[in-house]
Amino acid sequence: MGWLEEWGRRPTALQISNWEGCIRITTDYLTDPGQRRALWAWAMSQAGCLYRPGTRKKLSFARWCRDVENIAELTGHRRKNRAIGEIMRGLRGKPDLHDDLGETGMLPNAHENGHVFATIEGDRAVYDTKPVYSWRDDPSFTRKTGLTIQEWRAAKRRPREAKKRKQKEAA
């Protein structure tokens, strides 16, 4: 019956495909082997399966940094954080998009987009004091240039009502 216990400890197909996906991500986005090793060691220590090479003795990430890599624990954490940052940048896509959330870790407090209208006077540019964030904020759209919708509807309604009154009076 020992073979049944061994069979039960084997990884499933889903576990193997997830592991291969992790390997693919780390090889595609991480070029520094030190960062790759630090990330894998940290992940395995979090899972509780980081062992001393050649033995079955469990290690902590700090002990792995000191004994296996011969680096300080802080250096190991920095390598791990740089590796995670590289993977995030690689997965995020184009770096010129307006997405600073990954670097700051906080939601933005101000508008991302804005446009400053410049008026050239002499040798210098003069800017408006009110910030413009979209085409709707343009002052040319805020001026009253005619009837409002309510005024236009009332003007259309008056002749109709006058026509109805004339028809009632004639009848």
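Basis for what follows: all heavy atoms, side chains included, without hydrogens, waters or symmetry-related copies. Residue numbers start at 1 and run along the sequence shown.
Of all heavy-atom pairs between G76 and A38, the closest is O-CB, 3.8 Å. When all heavy atoms of L50 and A41 are compared, the closest pair comes out as CD2-O, 3.6 Å. Of all heavy-atom pairs spanning C22 and W40, the tightest one is CB-CH2, 3.8 Å. Between F61 and S45, the shortest heavy-atom contact is CB-OG, 3.6 Å. The two residues V68 and P53 make their nearest non-hydrogen contact at CG2-CD, 3.8 Å. When every heavy atom of E151 is checked against every heavy atom of T148, the shortest pair comes out as OE1-N, 3.1 Å.
Legend: salt bridge (charged side-chain N to carboxylate O under 4.0 Å, His left out) pairs involving residues 13-37, not counting sequence neighbours, sorted by first then second residue: R37-E69. Counting only residues at least two apart or on different chains, the salt bridge (charged side-chain N to carboxylate O under 4.0 Å, His left out) pairs with a member in residues 45-54 are R52-D67. Residue pairs meeting the salt bridge (charged side-chain N to carboxylate O under 4.0 Å, His left out) criterion with at least one member in residues 162-171: none, sequence neighbours excluded.
Here the SG atom belonging to C65 is positioned 10.0 Å from the NZ atom belonging to K80, to the nearest 0.5 angstrom. Interatomic distance, N81 CG to L39 CG, rounded to the nearest 0.5 Å: 9.5 Å. Atom CG of L74 sits about 4.0 Å away from atom CZ of R78, to the nearest 0.5 Å.
Listed by chain and number, the residues in a side-chain contact (heavy atoms from CB on, under 4.5 Å) with R56 are Y51 (sequence neighbours excluded). E86 is linked by a side chain to side chain donor-acceptor pair (under 3.5 Å) to R89, counting only residues two or more places apart in sequence or in another chain. Scored by the side-chain contact (heavy atoms from CB on, under 4.5 Å) test, Y29 finds I25, I87, L91 as partners (sequence neighbours excluded).
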Point to revise | Full working for side-chain contact (heavy atoms from CB on, under 4.5 Å) between W42 and R79 | key: CA-CA 10 Å; W42 176 81; R79 286 182 183 179; over 6 Å; no

